[in-house]
Amino acid sequence: MIITISRQFAAGGSDVARRVAEALEWRVVDNELIDRVAARAGLPPEEVAQREERAPGFVERLARALARSAPELFLKPAESVPEPEEATLVRVTESVVAELAAEGRVVLVGRAGPAVLRGSHDALHVRLVAPLPTRLETAMTRLGLERKEAEQVLQETDADRGRYLKQHYGRDWEDATNYHLVLNTGALGLPEAADLIVACAKRRWPVTGQRLPLTAFQP
């Protein structure tokens, strides 16, 4: 049992995931996933705290560390492959996501969860969106940015998340059919969005532990 939360930047993904996890008494995994990948690569957690899927410099540092600490991932000796392709890092991330899904009772934020777990896991996939003005205000407040800077961060982050999913999984990040639920946190608010996810999860996974199918749909 796993809930994946895909989100536009500043749409409240981490906050909603935390609320859902608390209500269900599950575990929320946000930056912990990247911490797990970094641990396998021999990088300290602070190196990757708050990093996104393709933050500048992160993939390059992680790639070099992986080449040293996990040479079995590569076709050539680690010393001859100082800069492995991003695809290698994707495979490592996929293995960690699969482990989390196997552990169960997890709310996973980001990391292409719906694509990684498509059709083979008991999952509920959710996408969170919000109007641009709402997200801009959130980014400006939380990051202390001017409007133009916030606009740039939003555009670049969302574009990179979309690229990551398209490049490695051939999926359109904005295609609503890839998710069970698409919720507008700007219209609903974070508490109500979380409540809807919790209600859907309880319908899918009753207290008895017997699954009641949402639909035959497997995104």
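Quantities reported herein were computed from a predicted structural model and do not represent experimental measurements. Quick note: numbers below take in every heavy atom, side chains included, and nothing from hydrogens, waters or symmetry partners.
Classification of Glu103 and Arg27 as a salt-bridged pair holds, one side-chain N sitting under 4.0 Å from a carboxylate O.
At least one side-chain heavy atom of Arg135 sits less than 4.5 Å from a side-chain heavy atom of Asp158. Within the 4.5 Å cutoff, side-chain heavy atoms of Ile197 are placed close to those of Ile5. Residues Ser6 and Arg161 form no side-chain contact, since every pair of their non-hydrogen atoms from C-beta on lies 4.5 Å or further apart.
Listed by first then second residue, pairs satisfying side chain to side chain donor-acceptor pair (under 3.5 Å) with a partner in residues 184-197 number zero, not counting sequence neighbours. Screening residues 176-190 for salt bridge (Lys or Arg N to Asp or Glu O under 4.0 Å), with sequence neighbours left out, gives no hits.
Between the CG atom of Asn178 and the CZ atom of Arg127 there is a distance of 9.5 Å, given to the nearest 0.5 Å. Atom-to-atom distance recorded for Arg203:CZ and Leu124:CG is 12.5 Å, nearest 0.5 angstrom. Summarising the geometry, atom OH belonging to Tyr164 is positioned 13.5 Å from atom CH2 belonging to Trp173; distances are rounded to the nearest 0.5 Å. A distance of 10.0 Å separates OH in Tyr179 from CG in Leu128, rounded to the nearest 0.5 Å. Within the model, atoms CG of Leu100 and CZ of Arg105 stand 15.5 Å from one another, a figure rounded to the nearest 0.5 Å. The CG atom of Leu190 sits 11.0 Å away from the CG atom of Leu183 when rounded to the nearest 0.5 Å.
With sequence neighbours left out, the side chain to side chain donor-acceptor pair (under 3.5 Å) criterion links Asp175 to Thr177. By the ring pair (Phe, Tyr, Trp, His ring centres under 6.0 Å) test, Trp26 is found to be paired with Trp205, residues two or more places apart in sequence or in another chain being considered.
Looking at every heavy atom in both residues, Ala115 comes nearest to Leu165 through CB-CD1, 3.7 Å. Across Thr134 and Gly186, no two heavy atoms sit closer than the pair CG2-CA, 4.4 Å.
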One pair to check against side-chain contact (heavy atoms from CB on, under 4.5 Å): Val20 and Val126. What are the steps and the verdict? CA-CA 12 Å; Val20 170; Val126 180; over 6 Å; no
Candidate pair Thr4 and Leu117, rule side-chain contact (heavy atoms from CB on, under 4.5 Å), full reasoning: CA-CA 9 Å; Thr4 69; Leu117 302 174; 4.0 Å; yes
Hey, mind stepping through Arg118 and His125 against side-chain contact (heavy atoms from CB on, under 4.5 Å) and telling me if it holds? CA-CA 9 Å; Arg118 60 190 181 280; His125 302 305; 5.9 Å; no
Criterion side-chain contact (heavy atoms from CB on, under 4.5 Å) on Val107 and Val29, from CA distance to verdict: CA-CA 6 Å; Val107 181; Val29 176; over 6 Å; no
Distance-only donor-acceptor pairs under 3.5 Å for side chains of residues 9-19, two or more places apart:
| from | atom 1 | to | atom 2 | distance (Å) |
| --- | --- | --- | --- | --- |
| Ser14 | OG | Asp30 | OD2 | 2.5 |
| Asp15 | OD2 | Arg142 | NH1 | 3.3 |
| Asp15 | OD2 | Arg142 | NH2 | 2.5 |

Exercise answer: donor-acceptor pairs, residues 147-155 side-chain atoms, under 3.5 Å, sequence neighbours excluded:
| from | atom 1 | to | atom 2 | distance (Å) |
| --- | --- | --- | --- | --- |
| Arg147 | NH2 | Glu137 | OE2 | 2.7 |
| Glu149 | OE1 | Glu146 | N | 3.0 |
| Gln152 | NE2 | Glu156 | OE2 | 2.9 |

